[in-house]
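No experiment lies behind these values; they were computed from the predicted model shown. Order of the sequence lines fixes the chain letters, A, B, ..., with proteins taken first and strands second; residue numbering starts at 1 for each chain.
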There are 2 protein chains.
Amino acid sequence: MTTEELILQAATRVCQEKGFAAARMDEIAKEAGINRALLHYYFRSKEKMFDIIFAVKFKAFFSGVAGIFQAEISIFDKVTALVDLELSVISQNPELPLFIIGELNRNPERLIKMMQKNNVNMAAILVQLEKQLHEEYLAGTIKKFTAYAFVLNIMGLCLYPFIAKNLIIHIVGVDKEKFLEFVSGRKQEITDFIIAGMKA
Amino acid sequence: MTTEELILQAATRVCQEKGFAAARMDEIAKEAGINRALLHYYFRSKEKMFDIIFAVKFKAFFSGVAGIFQAEISIFDKVTALVDLELSVISQNPELPLFIIGELNRNPERLIKMMQKNNVNMAAILVQLEKQLHEEYLAGTIKKFTAYAFVLNIMGLCLYPFIAKNLIIHIVGVDKEKFLEFVSGRKQEITDFIIAGMKA
DNA sequence: GTCTATAAGGTGATAGAC
DNA sequence: GTCTATCACCTTATAGAC
């Protein structure tokens, strides 16, 4: 592993845990086992380093999701595919949702740029989704749902357990690994729950 | 309004928006229209001031919820009551969930102390809930659910839209007030969705 | 109670030796 | 490339006048 990769890995850990404002260049350097000045040699500034970290995490968070939304499959198949993808991706990276959401306030423009760069047009996706939901409603397969409700329900059920991970761990005093194992293993249960809730 | 209340109000706004690490005493002072030294006169330190803010917000977040969990009503009535309470409380304070969750990492002990101080024993609540869920499952009214799943599903569906508020606003370019109005108005829809998903 | 001035320490970033 | 030393700035907190 190159020094640059080593630093980036350490920086990712620290930034994800603490957030940009609370993350310290000194802590990142120590975590990487190198000197603080070397961080600036490779990345010039904290902000630029954070940009790179955010871009990687953003891709992990969104890649694949847009494709499923736009696929020509039934709405129930979309539910299954979305739950499967989200839980798979986030299980590998439990801090991801809170990191993205938490850092958003500080620099919303960054997110918008990322969306454009990755060719994700969420407004267009929602319009298309709205059409499909309406058609399936008319066909009698599902109850009436807006595209917003559809997305929020799926994301809420999949992501919230990871977002509230530390809250739950500390409140009920459960083991972190056990908890993550539990929420990651709920693919079928969540999928069934959503489909049962949507069926006409 | 006393100066102390004025400061606390300004401090709450800034801390909730920026988080502890990014919040600046100077910004709070300006927001309150007073001098920075006066903050320390009233609250001694940033940390102590934050303690007070957090305690108030914590109570708003948890008060009532424990009571519903422990009430002697059917599981469907609990769903209805919980969704109603959560959406009512959070609608009045959309930043609340992310604030509590986001600040947790920095000081988990604070949360544990709050739970004890407010006499909320979540572990005991979950045991009791588990019992009820099992009984209603045996009675044939609902599918099999763990207490964890029950709580996570409800909280995810109610809270996630507020947690991801800024993500959604920026991604789809929707108006903030419109969005909050929409998610706050989903009480019936979410309740129906959950009950449909749980029914045997 | 409220202010100005300032101390004390932390933090990102750079200079320059090796 | 990697280090030590250091600058320049920012932020919390206090001292002391009014």
Side-chain angles (χ1 to χ4, degrees), chain A residues 1-57 95 99-100 102-111 113, chain B residues 1-57 95 99 102-110 113:
Chain A
M1 187 152 44
T2 66
T3 305
E4 188 171 340
E5 286 167 340
L6 192 76
I7 293 172
L8 217 46
Q9 210 172 307
T12 302
R13 273 199 299 278
V14 174
C15 287
Q16 226 166 1
E17 191 195 321
K18 304 273 174 84
F20 180 84
R24 295 286 163 253
M25 296 300 266
D26 197 41
E27 187 180 348
I28 293 168
K30 277 196 184 108
E31 179 98 3
I34 50 98
N35 192 277
R36 208 172 5 144
L38 213 53
L39 298 182
H40 291 92
Y41 173 78
Y42 279 104
F43 299 100
R44 286 199 63 87
S45 75
K46 187 184 177 185
E47 192 77 43
K48 282 189 206 304
M49 191 175 71
F50 196 80
D51 274 339
I52 295 169
I53 293 169
F54 190 87
V56 172
K57 291 298 167 186
E95 320 291 340
F99 175 70
I100 301 280
E103 288 305 323
L104 191 56
N105 288 312
R106 209 177 55 82
N107 193 352
E109 287 77 23
R110 197 202 319 257
L111 182 82
K113 273 181 203 150
Chain B
M1 185 153 46
T2 67
T3 306
E4 187 171 342
E5 287 167 339
L6 192 75
I7 293 173
L8 218 46
Q9 210 172 307
T12 302
R13 273 198 300 276
V14 174
C15 286
Q16 225 166 4
E17 191 196 321
K18 305 271 174 89
F20 180 84
R24 295 285 163 256
M25 296 300 266
D26 196 44
E27 186 180 349
I28 293 168
K30 277 195 184 109
E31 179 98 2
I34 50 96
N35 192 276
R36 209 171 6 143
L38 214 53
L39 299 182
H40 290 92
Y41 172 79
Y42 279 104
F43 299 100
R44 287 198 66 84
S45 75
K46 186 183 176 184
E47 192 76 42
K48 283 189 207 304
M49 190 176 71
F50 196 81
D51 274 339
I52 295 168
I53 294 169
F54 190 87
V56 172
K57 291 298 167 184
E95 320 290 339
F99 175 70
E103 288 304 323
L104 189 57
N105 288 313
R106 209 177 54 82
N107 193 351
E109 289 76 22
R110 197 201 318 255
K113 274 180 201 152

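For the pair B/Lys57/B/Glu103, no side-chain contact is recorded, criterion being any heavy-atom separation below 4.5 Å from C-beta on. Counting heavy atoms from C-beta outward, A/Phe43 and A/Glu4 have side chains that approach closer than 4.5 Å. Residues A/Phe20 and A/Asn107 form no side-chain contact, since every pair of their non-hydrogen atoms from C-beta on lies 4.5 Å or further apart. Residues A/Arg13 and A/Gln9 meet the side-chain proximity criterion, which asks for heavy atoms closer than 4.5 Å.
When all heavy atoms of A/Ala32 and A/Ile7 are compared, the closest pair comes out as CB-CA, 4.1 Å. Closest approach of A/Met25 to A/Leu39, counting heavy atoms only: O-CD1, 3.2 Å.
When rounded to the nearest whole Å, the span between CD of B/Glu47 and P of D/dT11 equals 17 Å. Atoms CZ (B/Phe50) and C1' (D/dT11) sit 17 Å apart, rounded to a whole Å. Nucleotide D/dC9 holds its C1' atom 12 Å from the CZ atom of B/Arg24, rounded to whole Å. The CZ atom of B/Arg36 sits 8 Å away from the P atom of D/dT12 (whole-angstrom rounding). Atom NE2 of A/His40 and atom C1' of D/dA8 are 13 Å apart (whole Å). Here the C1' atom of nucleotide D/dA13 and the OH atom of B/Tyr42 are 18 Å apart, to the nearest Å. Between the CG atom of A/Leu38 and the P atom of D/dA5 there is a distance of 16 Å, given to the nearest Å. Straight-line distance from the CD atom of B/Glu27 to the C1' atom of D/dC10: 14 Å, rounded to whole Å.
Sorted by residue number, the list of members of residues 10-20 of chain A with any non-hydrogen atom under 4.0 Å from DNA chain C is empty.
Environment of CZ in A/Arg106: crowded, with over 12 heavy atoms of neighbouring residues, nucleotides or ligands closer than 6.0 Å.
Geometrically, B/Arg110 does not engage B/Phe50 in a cation-pi contact defined by less than 6.0 Å to the ring centre and at most 45° from the axis.
From the 5' end on, the contacts that DNA chain C makes with chain B at under 4.0 Å to a non-hydrogen atom open and close at C/dG1 to C/dT4.
Note on B/Ala29: nothing from the nucleic acid sits closer than 4.0 angstrom, heavy atoms only.
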Can you list the steps and then say if A/Lys18 with A/Glu27 is a salt bridge (Lys or Arg N to Asp or Glu O under 4.0 Å)?
CA-CA 11 Å; A/Lys18 304 273 174 84; A/Glu27 187 180 348; 2.9 Å; yes
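For the pair B/Ile34 and A/Ala21, both in contact range of DNA chain C, the more 5′-proximal nearest nucleotide belongs to B/Ile34.
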